[in-house]
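Side-chain atoms are counted along with the backbone in the values below, which use heavy atoms only and exclude waters and symmetry mates.
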Amino acid sequence: MAHRIIIVGASGYIGSQLIPLLLEQGHQVIACARNIQYLTDRVQQHPNLRCEYLDLENKTTIEPLLFDCDIGYFLVHGMSHGHDFIDYEVSLAQNFADAAEQSQLKRIIYLSALQPENHQSQHLLARQKTGEILRSTGITTIEIQSGIIIGAGSAALEIMTDFINHLPIILCPKWIHSQANPIAIDNLNDYLIQCLDIEVSNSLSLEAGGPDTVTYLQLFNLLAKRLNKSIKIIPTRFISPKFAGLWLGIITSVPSELGRALLAGIDHDLLADNSKIQQLMPQTLTPLPEALKLANHTSANSLQGEIWGFDPSALRRWQPDYGYYPKQAGASFTTNASASSLWKVILRLGGPEGYFFANGLWRTREWLDPLLGGSFPIRRKPKSDQLQLGDYIDSWKVIRCENNEFLSLLFGMTAPGLGRLEFSIKELENNTRELDVRAWWHPKGFWGLMYWFAMFPAHLFIFKGMVKAICKKAEKEEKEEKEEKEEKG
């Protein structure tokens, strides 16, 4: 049976996985996210797919999107919001629930987290309260409680992968001996899709896990073996989960708030009882070693059509031990200059004006490249005034270009990792624009991480000055152009 489905939180890991699967089955899908650009980058266009901006903090925008939908997937969490994410997450759930009560939704499918006995972290408490709010609508709600998900892009898996790739020795809290039965992403997706049509008379909560039970220490070792890495893991009682969360933000690229929330939820055993969900929605569960193998094979493929899929050379340079989630540094500035004026300045990048700020540092890095095994600097500019994919600006290659909106340049010098430089122009209220200049870096191993930290202070200095310089130039040129027109008129 074909459904009209709304997915709230569609730009996240699970949402972006579900969308193509639902479309293949002939369903109509409205994919909603606050970061609409990120969503549209991750999914392919389809006649049965609508991507819509949605901020759950704004109650008035929710109800119109629910019109004529019969199924709602609620895949939102607030772990990256900060210390008050419980109140934040609960308020989002309440806003959605209020709108759902006025809609034609017949079923809500909610992905939650396992709730270990005699333990309640802030993250898990937020997940529990969200489920209670959704069930209070009176709409049949199926809550699937999952532990660790094994799949390329899963935050928990990528945290472990980053540690294994970047450090030969890992100091861990004692919870490394806690047990879990991780579930393969394909199995979880299958459960979520089967929830569409299973016959249930009341709301219910189901636990979902994989067939194999391991400690986190064993999981680290299995993953290291799959990645052909040699690591030594030392559990110690001197590292608390809170301190480990701070350490995560340094070693991995997963946001520290998200990392701390995940760690707080796994300092106890997280074992799912699969008996009930398998009785309702039977399927063959993927063994853990096979799930890790599949995740490793699909990691590079998942990048295509997203960030690097715009350029074949980037995909050829990508290696499995690069950090999946990138490090980043940049700056934003608000200006009255028009998007076209900002764009005109950006297009002069690499010319006589160089990089608009701290050109000496930019040129120094170029001349250091031969010492790192690269080539001597080459001055290159596009042949026309309109940038095209594949054009070069010095060593940078254009891999994405949207006039007056967005420019992405592939890092072309030699370094242990893969990076890009992005310029984005966003329209704000009161006839203003925000220009953001940002570098993204996927480090390769320990030295890729060290390279990033060595460059980070310069990045903070350079981008702050660069974004302001571009805006000031655009404002000045716009003013001069206006004065010139007035004189002629």
Side-chain angles (χ1 to χ4, degrees), residues 3-19 22 28-43 49-113 122-146 155 192 195 203 205 255 257-258 261-262 265 426-429 434:
H3 297 279
R4 185 172 174 84
I5 300 169
I6 184 168
I7 303 177
V8 181
S11 63
Y13 174 58
I14 299 298
S16 59
Q17 300 261 344
L18 270 180
I19 290 170
L22 294 171
Q28 295 184 55
V29 178
I30 302 175
C32 303
R34 184 166 58 180
N35 191 338
I36 191 67
Q37 183 65 58
Y38 187 63
L39 172 61
T40 54
D41 286 347
R42 301 189 77 180
V43 298
L49 174 64
R50 236 175 75 203
C51 294
E52 296 283 352
Y53 171 82
L54 174 62
D55 184 352
L56 285 176
E57 290 186 89
N58 187 348
K59 297 176 66 171
T60 60
T61 63
I62 305 171
E63 193 171 332
L65 294 172
L66 296 178
F67 178 76
D68 207 27
C69 291
D70 61 318
I71 302 288
Y73 280 95
F74 192 84
L75 306 175
V76 176
H77 67 73
M79 286 190 291
S80 298
H81 184 68
H83 66 280
D84 59 344
F85 75 83
I86 293 185
D87 293 338
Y88 175 72
E89 186 167 327
V90 168
S91 68
L92 299 186
Q94 189 62 62
N95 287 346
F96 177 80
D98 291 343
E101 289 177 347
Q102 307 302 318
S103 73
Q104 300 179 44
L105 286 183
K106 296 181 176 63
R107 182 166 296 185
I108 297 173
I109 302 168
Y110 166 50
L111 180 61
S112 182
Q122 298 294 293
H123 158 54
L124 297 179
L125 182 60
R127 303 274 76 196
Q128 182 183 39
K129 288 187 174 182
T130 295
E132 293 171 355
I133 289 170
L134 296 178
R135 286 188 291 273
S136 71
T137 61
I139 301 169
T140 301
T141 299
I142 302 176
E143 176 180 342
I144 294 184
Q145 299 177 358
S146 169
L192 290 168
C195 285
S203 295
S205 295
E257 293 88 355
L258 176 58
L262 288 171
K426 181 181 179 181
E427 293 288 338
L428 303 177
E429 296 178 354
E434 179 187 76

Decide salt bridge (charged side-chain N to carboxylate O under 4.0 Å, His left out) for Glu89 and Lys129; before the verdict, give the C-alpha distance in whole Å, the side-chain angles of both, and the deciding distance to 0.1 Å.
-> CA-CA 9 Å; Glu89 186 167 327; Lys129 288 187 174 182; over 6 Å; no
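- Taking both residues in full, the closest heavy atoms of Glu143 and Gly131 are given as OE1-CA, 3.7 Å, listed atom of the first, atom of the second, then distance.
- With rounding to the nearest 0.5 Å, the separation of CD1 in Ile133 from CD in Gln128 is 11.0 Å.
- When every heavy atom of Thr141 is checked against every heavy atom of Ser203, the shortest pair comes out as N-OG, 2.9 Å.
- Under 4.0 Å is where a charged nitrogen must lie from a carboxylate oxygen, and between Glu57 and Arg34 at least one such pair does.
- With sequence neighbours left out, the salt bridge (Lys or Arg N to Asp or Glu O under 4.0 Å) criterion links Arg50 to Glu52.
- The one candidate from Asp55, Thr60, Thr61 that meets the side-chain hydrogen bond (donor to acceptor under 3.5 Å, both in side chains) condition with Asn58 is Thr60.
- In this view, Asp98 and Lys59 satisfy the salt bridge (Lys or Arg N to Asp or Glu O under 4.0 Å) rule, not counting sequence neighbours.
- Other residues, nucleotides and ligands contribute at most 12 non-hydrogen atoms within 6.0 Å of the CZ atom of Phe67.
- With values rounded to the nearest 0.5 angstrom, Glu101 atom CD is found 10.5 Å from Glu63 atom CD.
- Judged by distance alone, the side chain of Tyr110 and the main-chain N or O of Thr130 form no donor-acceptor pair under 3.5 Å.
- In this structure, the side chain of Asn95 engages the main chain of Leu56 through a donor-acceptor pair within 3.5 Å.
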Please report, to 0.1 Å, the donor-acceptor pairs under 3.5 Å made by any side chain of residues 11-19, with sequence neighbours excluded.
from, atom 1, to, atom 2, distance (Å)
Tyr13, OH, Gly151, O, 3.4
Tyr13, OH, Ala152, O, 3.4
Ser16, OG, Gly12, O, 2.9
Ser16, OG, Tyr13, O, 3.1

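- Residues forming a side chain to side chain donor-acceptor pair (under 3.5 Å) with Glu427 (at least two apart in sequence, or on another chain): Arg433.
- Rounded to the nearest 0.5 Å, atoms CZ (Arg4) and NZ (Lys106) are 12.5 Å apart.
- If you take CD1 on Ile109 and CD1 on Ile7, they are separated by 9.5 Å, rounding to the nearest 0.5 Å.
- The shortest non-hydrogen separation linking Ile139 to Ala100 is CD1-O, 3.5 Å.
- Atom CG of Leu54 and atom CG of Leu39 lie 11.0 Å apart (nearest 0.5 Å).
- Interatomic distance, Leu105 CG to Asp70 CG, rounded to the nearest 0.5 Å: 7.5 Å.
- The heavy-atom pair separating Ile30 from Cys69 by the smallest distance is CD1-SG, 3.7 Å.
- Residues satisfying the side chain to side chain donor-acceptor pair (under 3.5 Å) test with Lys426, not counting sequence neighbours, are none.
- Listed for the Arg127 side chain is no donor-acceptor partner under 3.5 Å among the backbone atoms of Gln145.
- Judged as a ring-ring contact (aromatic ring centres under 6.0 Å, His included), and not counting sequence neighbours, the contacts of Phe96 are Phe74.
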List the steps and the verdict of side chain to side chain contact (heavy atoms under 4.5 Å, CB included) for Ser205 and Arg135.
-> CA-CA 10 Å; Ser205 295; Arg135 286 188 291 273; 3.4 Å; yes
